[in-house]
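Here is the structure we will look at, set down as C-alpha cells.
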Amino acid sequence: MDEQIAVVNVQEQLVYARPRALTEETTNYCPGCTHGLINKLIAEVIDELGIQENTISVSPVGCSVFFYRYLVLDGVVAPHGRAPAVAIGIKRMLPDRVVITYQGDGDMAAIGMSEVVWAAMRGENITAFFVNNANYGMTGGQMAPTTLAGQVTTTTPEGRDVETMGMPTRMAELIAGLPGSAYVARCSTYDARTIRDARNAIRLALRAQMAEAGFTMVEFLSACPTNWGLSPQGALQWIKDTMVAYYPLGEIKVSEAVQRLKTKR
Amino acid sequence: MAKELLKGNIAIAEAALRAGVDAYFGYPITPQTELLEHMSRRMPELGRVFLQAESEIAAINMVYGAACTGAWAMTSSSGPGISLMQEGLSYIALSDVPAVVVDIMRGGPGLGNIQPSQADYNQLTRGGGHGDYRCIVLAPATVQEAIDLTVLAFDLADKYRTVAILAGDGLIGQMMEPAQLPPMRERSRTRPPWALTGARGRPPNSIAAFGLEAETLEAMNWRLQAKLQRIRQTEVRCETWLVDDAEILVVAFGSVGRIAKTAVREARAHGIRVGLIRPITLWPFPYKPIEQAAAHARAVLVVEMNTGQMVDDVRMAVCGQAPVYFHGRPGGSVPVPEEILERIVELSKED
Amino acid sequence: MQVSVIIAGFGGQGVLFAGLMLAYAAMDRDLYVTWYPSYGPEMRGGTASATVVIGDEEIGSPVVLHPDAAIALNIPSFRKYEPLVKPGGVLVYNSSLIFEIPERTDIQYVAVPANAIAAEISDTRVANAVTVGALAAVTGMLPVEALIETVDRHIPAPRRATVLPNQEALERGAQLAAELLKQSSPSALPHYER
Ligand SMILES: Cc1ncc(C[n+]2csc(CCOP(=O)(O)OP(=O)(O)O)c2C)c(N)n1
Ligand code: SF4
Ligand SMILES: [Mg+2]
C-alpha cells in the first residue's frame, strides 16, 4: 500500500465532553466496574435536562458511597438502606426539586427493603437508581438478595442454595407490582445498545418525577469483576449470558401518565 | 493442641463453634466480615444453623428467637450494625435468655470508617438500648484472649441467661497471632425448662419483655437488677501488671491495653515506676482493683481509642485519690506506644 | 528483644503474604509474633501494608510507627517508609520499580531488583519473596532456611505449585543480600536463631 499523507483542513468541533454534572476526580471504582459508567449516564441526562442545580442526590452505603461527590450536585449519604426515607424527607420539604437515590442491591433489596417498598407504596415522587451486581461489592463479595441460584460468594461457598436462601429478588418486578410506582425499567450497560436504552430509561424516570407521576426506579445489571473473579470483558459477558436470563431487560411498568410523557417527548 | 497462626475474626468464630454455638445469624460489615464468612462454611459442615440475615435488625431478632428455644445463638457486627441491634438487645435483656454478640468496633459516629476504634464503650457498657439493663462486656487484647473470652461469653450468657458481648476492634479482628483453639466441646443438648418448645405435657412457657402493670414491670426490673448485682459481685476480671510499686497507673483496655504495655515496659526501662491495669470485663467494671492501685499512685493515665469514655469509670473508681489524665485518639486512629510513653514521661516529671 | 518490619506495596504485589512468611517462620520457631494488615476497600489497587512484630517475649503493640526494618515494593511505599525506619534500621526496596535516591545516612539501604530476579525464576508474583529473603539475610532476624521450610509447611494444597518458586526466590534474595553485606557493615538488629 502506498503511504500517503493527506492534508486535510480540520475544523475543531467538540463532539464529546465530560458531563458538567460529573466530577473530574478519579473514582475509586475497580477497573471494569460499571458503577462509574452508570454514574456518568445519570450525569449526562442531568446535563441534558438542565436540572443540575435543581437536583439533590442521596447516596447509599456501598461501593458507590461517593456518589454524592462523583455527581456535582447537592447530596447526602444515608445510613445503609435508608436512602429512600432520607430522600422522602428532602422531597417533602422541597417538592419542586428532583430527588434521586442511588442504591446497591444489598442496600436496597436487603436492609433497605422496607424503606423502598414504602416509598413506592405511597407513590413518593423520587427516583431510585438501583445497581444490581449480584453481590455485596464493598464488603468483599458476600451473597446479596440478587445473587443468582448456585452463584458462589464468600458467604455461599457452595453456591446459593435456593432451598434455604430463597430465589434471587427481582426488585424491578416487585416495585412494579406496588400501586404507587409509575415507571420501572431494568437496563444494563454491556454494549452500545444497552447503554443507549439505559440512558433513555434514566431520562424518562427523571421526566416522570418532574411531572409528579409517582415513584420511579431504574435497575441496572452492573459488573463487579473484582468479586466475580472475572476480567472486565468477562464480567460484561456474564451479565449478557447469565444475569439477563433471570433478570429480563426492558420497561417493566409504564403508568399511563408516563406513557403520555413518552409520546410527548 | 498446637498453636496456629490465627486471624482474630476467624479465631472468634472457631472458638464459638467449639464452645457449642447452635445458631449464627449475621450481616456483612467490615472489619468483622471474616467471622460471618467463616460461619457460612463451618456451621453447615457441623450441621448447625447459619443464616445471612437481611439486616442487623433481623439478625438480632433471629438470635432472640433461637435463644427462646434454649439454643446458644450469636451474632456479630460493628458500629452501625451494633446500633441497629439495640432494640433487640433491650428485649433480650429483660427476657432472661442467653445471647452472645461480637462487636468488632470501627471508627464512628455514623458510617465513620472501618479502622479500629473503641468508641462503642459507652454504648456497650451502659446497656445501649432503652430501659435499665446492662450486658456483660468482655474486651480481649490478644487473639488468644479473644478465643478464651468467646468461650467465657457463652458460659456467662448461659449461666446468667443474659447478653454477653465480646468487644474487640478492627485491630483484634484483623491481626494474626499464634494461638491455641480449645477442643470441640460436647455439650448436652437438653432444652432448659423455660424454653419455648411447644407446651406438650406441661403448662405453656412465655417469654415477654414487657409488664403492662407498673407493679409487674417493677418486679421484673428488680429481678433483673438482682441478677446484674450477682454478676457485679462475681464476674469482675482485669489484668494488673507492675502495679505494686507504681507511682503512675495506666488504665487501658483491649488492643490499647496491649499497646500501652509496650509503653509501660519502655518507661520501666527508663526507671519510671509505672504499672498497668487492663480491664477485661468492661461491665462489670473493675472499680475495686483500680481504687486499690490508685491509693498509692501519684497519677492515673487512661488511654483509649476514643475521646474519653472509660475515663469516667476510672474517675469513679479512683474517687479523687489521684489526678486522672486522659490520652485518646478518635476516628479510627490507633495510638502508638511512643505517644503513650511521652505522656508517661511527662507525668513522671510533674510533682 | 523485639524486631518490627513493615512491608508495603501495591495491592497485588503480595505484601500480606510476604508478612505471613515472616509470621509463620517466627511461629514455627516458637517466637512471639503479630501480623497486622492494612484492610478494607482502600486496598483495591491502592497501597497495602503488613506490620510484623517478632519477639522472644510477649508482644505489646502490633502497631508500629518506626519499624526496625521496612520492605518497599513500590515508589509510594518507599517515600512513605524511608523517613520512618528507625535510625540504624534497614530499608529493603524493589529496585526494579523504585528509582529514588536514598536520602538518609543513618539507615542501611538494600536495593534488590526483585521483579527482575522473580521473572528469572517464574514470574513477578514471587518478587515479594525475593525481598523477604534479602531482609532475612541482611538483618539475621530469621534464618533463610527457616523461611524456606515455612513456605513448604504452610502453603495449602491449592497453591502448592508456588512452593518451589517462592523457595528459590527467598534463596536468591538472601544470596544477593549476602553479597551486598560483604561490601558494608552488618545490621545491628537482634537475631533470633533458635
Ligand atoms: C447497618 C450497616 N450494616 C452493614 C454495613 C456494611 N456495609 C457497607 S457496604 C455494604 C453492602 C454494599 O453492597 P451493595 O448495596 O450491594 O452495594 P455494592 O457495594 O455492591 O455496590 C455493607 C453491608 C453498614 N455500613 N451499615
Ligand atoms: S468491588 Fe465490585 S462493585 Fe465495588 S468498585 Fe469493585 S467492581 Fe465495582
Ligand atoms: Mg451490590
Side-chain angles (χ1 to χ4, degrees), chain A residues 28 58-68 76-83 85-86 104-117 135-147 151-166 168-169 171 174 227, chain B residues 7 9-10 13 23-62 75-87 104 106-114 170 173-174:
Chain A
N28 69 338
V58 185
S59 293
V61 175
C63 283
S64 48
V65 66
F66 288 120
F67 184 78
Y68 73 101
V76 58
V77 182
H80 193 28
R82 318 298 173 207
V86 173
D105 40 3
D107 192 83
M108 180 189 280
I111 195 167
M113 183 63 106
S114 174
E115 279 72 12
V116 72
V117 164
N135 76 64
Y136 287 76
M138 173 73 133
T139 43
Q142 295 76 29
M143 182 191 71
T146 47
T147 294
Q151 187 184 333
V152 172
T153 70
T154 60
T155 50
T156 52
E158 308 290 325
R160 179 181 180 143
D161 174 9
V162 295
E163 292 296 313
T164 56
M165 301 317 303
T169 315
M171 277 311 284
L174 190 150
N227 289 312
Chain B
K7 181 173 256 217
N9 283 333
I10 307 284
Y24 174 94
F25 307 96
Y27 188 80
I29 187 165
T30 316
Q32 67 79 45
T33 301
E34 295 85 356
L35 208 166
L36 166 90
E37 290 172 345
H38 190 75
M39 288 302 200
S40 76
R41 188 169 58 78
R42 290 283 282 147
M43 292 294 272
E45 252 173 44
L46 296 168
R48 305 186 195 172
V49 171
F50 167 86
L51 184 59
Q52 184 182 320
E54 67 274 25
S55 70
E56 293 86 351
I57 299 178
I60 192 66
N61 287 291
M62 290 170 184
T75 183
S76 59
S77 190
S78 181
I82 296 292
S83 290
L84 286 179
M85 290 182 188
Q86 295 306 325
E87 180 196 40
I104 302 296
R106 59 187 241 168
L111 187 55
N113 62 24
I114 58 175
Q174 295 294 326

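Scope of the values below: all heavy atoms of this structure, side chains included, with no hydrogens, waters or symmetry mates. Throughout, protein chains are lettered first and strands after them, A, B, ... in sequence-line order, and every chain is numbered starting at 1.
A perpendicular orientation is assigned to the rings of A:Tyr136 and A:His80, their planes being inclined by more than 60° (bins at 30° and 60°).
Using modelled atom types and a 3.5 Å distance limit, the side chains of B:Glu37 and A:Thr154 yield a donor-acceptor pair.
In terms of the side-chain contact (heavy atoms from CB on, under 4.5 Å) criterion, residue partners of A:Thr146 (sequence neighbours excluded) are, by chain and number, A:Asp105, A:Phe130, A:Asn132, A:Ala144, A:Tyr247. Under the side-chain contact (heavy atoms from CB on, under 4.5 Å) criterion, B:Val49 pairs with B:Ala23, B:Phe25, sequence neighbours left out. Remark: B:Pro80 engages B:Ile29, B:Arg106 in a side-chain contact (heavy atoms from CB on, under 4.5 Å) (not counting sequence neighbours).
Scanning residues 39-48 of chain B against chain A with a 4.5 Å heavy-atom cutoff picks out B:Ser40, B:Arg41, ordered by number.
In this structure, chain B has no heavy atom under 4.5 Å from any part of A:Met113.
From B:Ile60, atom CD1 reaches atom OG of B:Ser77 across 9.5 Å, with rounding to the nearest 0.5 Å.
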